[in-house]
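Below is one structure, written out as structure tokens; comments come after it.
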Amino acid sequence: MTTDYRKMWADLGLNLEAHDALLGVLGNAYQQTFISQKNRPESMGYFDFVMSEVHGLRIKELQDARAQGHKVVGTFCVFVPDELILAADAISVGLCAGAEFGFGDAEKLLPRNTCSLIKSFFGFKLNKVCPYLEATDIVVGETTCDGKKKAYETFKELQPNLYVMEVPQMKNPADKALLKSEYLKFKSALEELTGVKIDAKRLKKGITIVNNRRRALHRLAALRAHDPAPISGLDALLINQVAFYDNPLRFTDSTNKVCEELETRIKKSQGVIPKGAPRVLIAGCPMAVPNWKLPAIVETSGGVIVGEESCVGERGTRNLVDESANTLDALMDAIVERYFQIDCAIFTPNAERTEHIESMAKQYKVNGVILYSLQFCSPYTIEAFSVEKKLAGKKIPSIRIETDYSQEDIGQLKTRVEAFLEVLKR
Ligand code: BJ8
């Protein structure tokens, strides 16, 4: 970071000492994981810059926007429609929760057997180290997994601006109606917060911006089908992670620039790893910044990740919202239609998810799938068993990996991943 942001952080109420410690860990991890990679696309420079300023310039942009009367909405789940947030002239930021920080404090309020993602946002809050959380005007939680749903009851005491949205658990017509009523309620809450009345024109504009961001990510995903892979899985994951909090227009532009460079690489048959290296799909829980452990292990063991079946990846960006409608109600329906298709493991039954994994495996010419779940995440851990069985039926090799945010199991994970990659080479 080139500027001194300490006053801004202090004004936000951060604990500067703890925050310095977090930034130190983040900076080292980034250096070791990303900057050390060979043959990266030059256009990744933008994303390196964004990461170097993740608690600096972007927070300043948010604070400047707030000073001009805009509101900042923090979210934890891809069921929260960014289109509505933008239509209310507000800014959406995905709250990351990907680091093991303050878990000791979190465990005073939560059982130890809570997933790392939940403990992480508690740890950030209790230690006052997340400037995004502190810069929000409203934080949106949702009734997805039991862990989050119940944890929000306690979190509300720490984060009084928490708003909880109900998300259905099945895919029946009544569930779709529930989602629509929740989105209408959320629309009203946003209007009340911002003083902006969301009309068809505003909503259509929001839909176009978010669709364009998705289009850029779809373009990036499609380019990864080439062998040799033109970009590492780590860099592609980073782009997907940055999508959650960067300015959407600037992000879309920067991602399209990466795609242009990758298209040139592909024409020259240039890759980040030699042709024929084992190609892996990661499927499961979202990987929030700075949870790069498993991808780093795969890619330093000779494999390359060519797709993420994850909310920080294709599950979060699949399908566009139909932009053709002109009335507010029809546009709201189009939003519901798109989001209702998200195949999160909190749904039952959830057969579409396995179908998506199979079709991604085919599209990205994958040799094997890592079914990744965070320890104590029941939805993804339980679902992994049936997905594994179905993939085996289609002769797609897979391995189940359950881990957390700690560094303690790196050696053990590396051994398992290396053995899996050996199988894929045969
Ligand atoms: S739509 S995946 S972002 S809920 S890892 S907290 S599920 S116990 S994050 Fe998610 Fe929305 Fe679904 Fe996507 Fe619970 Fe599991 Fe923890 Fe999780």
Side-chain angles (χ1 to χ4, degrees), residues 74-82 92-100 103 106-107 110-125 139-155 162 164-171 175 179 182-183 186 214 237 240-241 243-245 282-289 291 293-294 308-319 335-336 338-348 350 352-354 356-357 371-385 387 400-406:
T75 65
F76 283 116
C77 177
V78 297
F79 265 99
V80 181
D82 278 352
S92 167
V93 288
L95 298 163
C96 54
E100 187 179 47
F103 276 25
E107 284 170 8
L110 298 166
R112 279 201 68 213
N113 59 351
T114 303
C115 90
S116 294
L117 195 146
I118 297 171
K119 277 192 215 165
S120 181
F121 67 76
F122 269 75
F124 282 0
K125 182 69 200 178
V139 172
V140 188
E142 16 49 54
T143 61
T144 45
C145 65
D146 284 354
K148 281 211 256 182
K149 188 160 58 196
K150 295 308 287 182
Y152 290 136
E153 292 172 10
T154 311
F155 196 61
L162 181 72
V164 178
M165 173 189 285
E166 185 166 356
V167 174
Q169 317 275 294
M170 294 180 90
K171 295 271 174 92
D175 301 301
L179 192 63
E182 282 299 311
Y183 283 178
F186 182 50
R214 291 189 188 111
L237 173 65
N240 276 284
Q241 290 174 331
F244 283 85
Y245 52 86
I282 297 218
C285 290
M287 286 180 178
V289 172
N291 176 14
K293 179 168 78 172
L294 187 56
E308 295 80 26
E309 188 281 324
S310 159
C311 286
V312 185
E314 210 148 313
R315 191 183 323 115
T317 61
R318 186 178 291 125
N319 303 320
I335 290 177
V336 172
R338 188 254 161 207
Y339 282 85
F340 196 58
Q341 295 178 64
I342 297 173
D343 55 353
C344 173
I346 59 139
F347 282 89
T348 183
N350 195 31
E352 307 93 282
R353 183 165 163 248
T354 313
H356 282 138
I357 295 173
L371 298 166
Y372 157 75
S373 52
L374 280 176
Q375 218 172 22
F376 311 122
C377 168
S378 302
Y380 285 93
T381 312
I382 294 176
E383 200 164 274
F385 283 74
V387 176
R400 278 182 286 113
I401 288 191
E402 229 183 295
T403 181
D404 55 16
Y405 290 171
S406 76

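Just so you know, ligand 1 is whichever comes first in the structure, and atom 1 is the first atom listed for that ligand.
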**Fill in**
Nearer than 2.8 Å to atom 12 (Fe) of ligand 1, the protein contributes N, O or S atoms numbering 1

**Prompt:** Which option out of G94, G284, C377 puts a heavy atom nearest to atom 5 (S) of ligand 1?
**Reply:** C377

**Asked** Taking the six-membered ring for Trp, are Y405 and F103 parallel (under 30°), tilted (30 to 60°) or perpendicular (over 60°)?
**Response** tilted

**Prompt:** Does a sphere of radius 6.0 Å around NZ in K171 hold more than 12 heavy atoms from other residues, nucleotides or ligands, not counting ones at 6.0 Å or beyond?
**Reply:** yes

**Message:** Quick test of your reading of the model: are R353 and E309 salt-bridged, counting only N-O distances below 4.0 Å?
**Reply:** yes

**Request:** Indicate yes or no: does K119 engage D404 in a salt bridge with an N to O separation below 4.0 Å.
**Result:** no

**Prompt:** How far is atom 16 (Fe) of ligand 1 from its nearest protein heavy atom, and which residue and atom is that?
**Reply:** C115 SG, 2.3 Å

**Under 4.0 Å to a heavy atom of C285 - the qualifying atoms of ligand 1, by number** = 5 (S)

**Request:** May I ask you to check whether Q169 and D175 show a side-chain donor-acceptor distance below 3.5 Å?
**Result:** no

**Request:** State yes or no: are the ring centers of F79 and F347 separated by less than 6.0 Å?
**Result:** yes

**Message:** Show me which atoms of ligand 1 lie under 4.0 Å from any heavy atom of I118.
**Reply:** 6 (S)

**Test item: K148 side-chain N/O and I118 main-chain N/O as donor-acceptor pair under 3.5 Å** = no

**Message:** Nearest non-hydrogen contact with atom 2 (S) of ligand 1 belongs to which option: F376, F347, Y380?
**Reply:** Y380

**Request:** Report yes or no: do K149 and T144 form a side-chain donor-acceptor pair below 3.5 Å?
**Result:** no

**Request:** Around atom 6 (S) of ligand 1, find the nearest protein heavy atom and jot down its residue, atom name and distance.
**Result:** K148 CG, 3.4 Å

